[in-house]
Amino acid sequence: QVLLVESGGGLVQAGGSLRLSCADSGRTFSAYTMGWFRQAPGKERECVATISRGGRSTYYADSVKGRFTISRDNAENTVYLQMNSLKPEDTAVYYCAATANDYRSRSYDYWGQGTQVTVSS
């Protein structure tokens, strides 16, 4: 069983930083590829970043490349999303998700409840 809980969202000014965390209370965290997605009002959900089971392979959407960093700590059952140089267009609800597929997959099986990130101009 995978139960994901995000934290770390909030309100930040443009150019600022936030770090999102996602903790899994299950026992098989290291068996899953992890991803961060976001959805802004009126827009489709977007895959922001993914990370392989061991953390060696990552994917980033072009819109966040060079600004966001995904990482994971399998000993702590946690995946992180460090977000720097935030822009107003990064405003969205951010979700973490887990899949048994590899890091290139966009099909995810388990989802957190989401955390709001708001970037003011």
Side-chain angles (χ1 to χ4, degrees):
Q1 184 69 21
V2 178
L3 181 60
L4 304 174
V5 179
E6 302 101 333
S7 61
L11 173 64
V12 64
Q13 289 188 333
S17 298
L18 282 175
R19 187 175 82 153
L20 305 182
S21 300
C22 174
D24 172 21
S25 61
R27 300 181 180 180
T28 57
F29 179 77
S30 61
Y32 291 92
T33 291
M34 299 300 296
W36 285 97
F37 293 74
R38 67 185 181 186
Q39 189 164 22
K43 294 189 177 181
E44 292 188 355
R45 186 173 61 198
E46 174 188 20
C47 179
V48 174
T50 70
I51 188 166
S52 61
R53 296 173 185 83
R56 292 183 179 181
S57 299
T58 57
Y59 158 86
Y60 294 95
D62 287 343
S63 56
V64 306
K65 206 171 289 185
R67 299 188 298 122
F68 290 12
T69 302
I70 188 171
S71 62
R72 67 188 296 162
D73 184 339
N74 286 344
E76 296 294 329
N77 286 5
T78 303
V79 61
Y80 304 97
L81 186 68
Q82 178 66 44
M83 305 186 294
N84 298 329
S85 302
L86 282 161
K87 305 175 181 180
E89 51 263 44
D90 294 318
T91 296
V93 177
Y94 283 71
Y95 300 88
C96 74
T99 180
N101 301 319
D102 78 14
Y103 77 99
R104 292 162 290 189
S105 173
R106 297 296 174 264
S107 176
Y108 279 68
D109 307 300
Y110 302 97
W111 294 84
Q113 83 287 353
T115 186
Q116 176 70 46
V117 171
T118 303
V119 184
S120 63
S121 57

How close do R45 and Q39 get, heavy atom to heavy atom, and via which atoms? N-NE2, 3.8 Å
Salt bridge or not for D90 and R38, using N-O below 4.0 Å? yes
Nearest heavy-atom neighbours spanning R67 and S85: NH1-O, 3.0 Å
Which pairs of donor and acceptor atoms, one on a side chain in residues 12-21, lie under 3.5 Å apart (sequence neighbours left out)?
residue : atom : partner : partner atom : Å
S17     : OG   : N84     : OD1          : 2.9

Which atom names give the shortest non-hydrogen contact between A61 and E46, and what distance separates them? CB-OE2, 3.9 Å
Find out whether T115 and V93 are in side-chain contact, i.e. whether some heavy atom of one side chain is under 4.5 Å from a heavy atom of the other. no
What pairs of residues pass the ring-ring contact (aromatic ring centres under 6.0 Å, His included) test when at least one of them lies in residues 11-56, not counting sequence neighbours? Y32-Y110, F37-Y108, F37-W111
If you look only at pairs with a residue in residues 50-69, which of them pass as a ring-ring contact (aromatic ring centres under 6.0 Å, His included), with sequence neighbours excluded? none
Here the pair of heavy atoms bringing L81 nearest to A49 is CD1-CB, 4.2 Å
Taking all non-hydrogen atoms of both residues into account, name the closest pair between V64 and V48 and its distance. CG2-O, 3.6 Å
Can you establish whether the number of heavy atoms outside K65 located under 6.0 Å from its atom NZ is more than 12? yes
Flag the pair Q116 / L11 as yes when at least one side-chain heavy-atom distance between them is below 4.5 Å, and no otherwise. no
Heavy-atom closest contact (A31 atom, R53 atom, distance): O-NE, 2.9 Å
Report yes if some heavy atom in the side chain of V5 is under 4.5 Å from a heavy atom in the side chain of C22; otherwise report no. no
A side-chain contact here means heavy atoms from C-beta on lying under 4.5 Å apart; do R72 and N77 qualify? no
